[in-house]
Amino acid sequence: MELVKFLKDVEELLGRENVISEGHGLSAFRRDWWSILMLKEMLGHDIDAPPAVIRPGSIDEVINVVRLANKYGVCLAPYGGGSSVVGGAYHNGCVVVDMRRLSRILEFNEEDLTLTVEAGAKVVDVERWLNERGYTLDYHPQSFQLLTIGGAIAHGGTGSHSMSNIDELVLSLDVVLPNGELVTVGPGRLVRASWPDLRGLFMGSDGAFGIIVRAMLRVRPLASYYVDLAYVFKDLERAVRFARDLVINVPGPHRVVIHDKESGRLMVGEDGVIA
Ligand SMILES: Cc1cc2nc3c(=O)[nH]c(=O)nc-3n(C[C@H](O)[C@H](O)[C@H](O)COP(=O)(O)OP(=O)(O)OC[C@H]3O[C@@H](n4cnc5c(N)ncnc54)[C@H](O)[C@@H]3O)c2cc1C
């Protein structure tokens, strides 16, 4: 691995300010939210910082960074919001590619209800932008304030407080493959693919098959009203049965979240209707 030569070439490509190879800037990327690493840190163990962090600002820059990584035999770890709870964004000795400079909203098509956005955009910022215009992704994982569009897709996230999981929103993806080739997968505005649909290869891949740089997402108008109901059930079986009957018998969209006693107390308090 010829790290020094790689970083020199990357500096020329991205500018010195977008290559961090020493100091405090590195330590912010030493871990994600993986509980094992957080515990280690709490117990006073050192967690190595990555060898470097690089910050591409365009799709062409990502392509060229990946090509240079091939040339010099350097491994790369994409990093979005760093909120992975399974160590997905942990560098493990690789150079971190911080995606957050790629955060532009590229196209909003109000007629087709599609939004094309760069992968490093934070979900909270995209949602705010849409809300101001009367639309929503309705994608609210508990890490809503932290995660990026690319990280959500790479992780295959579920919107635990919303109507949508990420796979229901992604119409197409642009991915820089490990050889530096840029590919587009998914039907885009055609909505339904009539050919092998490769989106699933990248959704939930944790970045193993390429760096997601752009996505076209489905949006919907903000609902004019929501109804929130909370019930307390005697056991899990009854709660699941209720959820099943609700989804079958009441027209959607629905969001059903089943909490255990502890998280239920936190989320909705103890009072409720005993079913
Ligand atoms: C408090 C908390 C609550 C959470 N709640 C939920 C929840 O309700 N639902 C849920 O699904 N998850 C939840 N998570 C997990 C986490 O938020 C998700 O895994 C999220 O999708 C990660 O997005 P990120 O942008 O932070 O990605 P990161 O953590 O930076 O990266 C996640 C993975 O994706 C890869 N990656 C990042 N960006 C790209 C890219 N552009 N191209 C290719 N690969 C990339 C990384 O290498 C890594 O493998 C929670 C996490 C926390 C800390």
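Given the structure is predicted, the values throughout are model-derived calculations rather than measurements. Each ligand, and each atom within it, is numbered from 1 in the order the structure gives. By convention here, the first residue in the shown sequence is residue 1.
Under a 4.0 Å N-O distance rule, the pair E41/R30 qualifies as a salt bridge.
Nearest protein heavy-atom contact of atom 22 (C) of ligand 1 is S83 OG, 3.3 Å. Closest to atom 24 (P) of ligand 1 among all protein heavy atoms lies G81 N, 3.4 Å. Scanning all protein heavy atoms for the shortest distance to atom 11 (O) of ligand 1 gives T158 N, 2.9 Å. The protein non-hydrogen atom at the shortest distance from atom 1 (C) of ligand 1 is W33 CZ3, 4.3 Å. Residue, atom and distance of the protein heavy atom nearest to atom 17 (O) of ligand 1 are S143 OG, 2.5 Å. The protein heavy-atom contact nearest to atom 29 (O) of ligand 1 is S84 N, 2.7 Å. Looking from atom 8 (O) of ligand 1 to the surrounding protein, the closest heavy atom is S160 OG, 2.7 Å. Of all protein heavy atoms, the one closest to atom 28 (P) of ligand 1 is G82 N, 3.5 Å.
Using a 4.0 Å cut-off to heavy atoms of G210, the atoms of ligand 1 that qualify are 43 (C). The contact set between ligand 1 and G207, taken as ligand atoms under 4.0 Å from a residue heavy atom, comprises 43 (C), 44 (N). Near G80, meaning under 4.0 Å from any of its heavy atoms, are these atoms of ligand 1: 25 (O), 28 (P), 30 (O), 37 (C), 38 (N). Less than 4.0 angstrom separates some heavy atom of G88 from each of these atoms of ligand 1: 46 (C), 47 (O), 48 (C), 49 (O). Close approach of ligand 1 to T148 (heavy-atom distance below 4.0 Å) involves ligand atoms 24 (P), 25 (O). Residue Y79 has at least one heavy-atom neighbour below 4.0 Å for each of these atoms of ligand 1: 30 (O). Residue-ligand proximity, G157 to ligand 1, at heavy-atom distances under 4.0 Å covers atoms 11 (O). Near A152, the atoms of ligand 1 lying under 4.0 angstrom from a non-hydrogen atom of the residue are 21 (O), 23 (O).
Where the criterion is an N or O separation shorter than 3.5 Å, residue side chain and backbone included, P78 meets it with respect to ligand 1. Where the criterion is an N or O separation shorter than 3.5 Å, residue side chain and backbone included, Y139 fails it with respect to ligand 1. Checking only distances, I212 does come within under 3.5 Å of ligand 1, N or O to N or O.
Around atom CG of D46, no more than 12 heavy atoms belonging to other residues, nucleotides or ligands sit under 6.0 Å away. Applying the 6.0 Å contact sphere to CD of E107 captures more than 12 heavy atoms from other residues, nucleotides or ligands.
Nearest heavy atoms, Y90 versus L37: CD1-CD1, 3.4 Å. The heavy-atom pair separating L7 from S21 by the smallest distance is CD1-CB, 4.0 Å.
Residue contacts with ligand 1 do not include A77, since none of its heavy atoms lies under 4.0 Å from the ligand. Note on ligand 1: D32 sits outside its first shell, no heavy atom being nearer than 4.0 Å.
Formation of a donor-acceptor pair under 3.5 Å by the E12 side chain with backbone atoms of D9 is not found in this model.
Between T114 and N109, the side chains place no donor N or O within less than 3.5 Å of an acceptor N or O (distance only, hydrogens not considered). Side-chain polar atoms of D174 and T184 form a donor-acceptor pair below 3.5 angstrom.
Hydrophobic cluster membership is shared by L147 and V117, with clusters built from Ile, Leu, Val, Met, Phe, Trp and Tyr side chains linked at under 4.5 angstrom. One hydrophobic cluster, built from ILVMFWY side chains closer than 4.5 Å, holds both V126 and L169.
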*Please step through side chain to side chain contact (heavy atoms under 4.5 Å, CB included) for the pair E118 and V213, ending with a clear verdict.*
CA-CA 6 Å; E118 288 181 332; V213 287; over 6 Å; no
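Side-chain rings of Y135 and W129 stay apart, their centers remaining 6.0 Å or farther from each other.
Figure legend: R31 and W34 shown without cation-pi pairing, the cationic atom not lying both under 6.0 angstrom from the six-membered ring centre and within 45 degrees of its axis.
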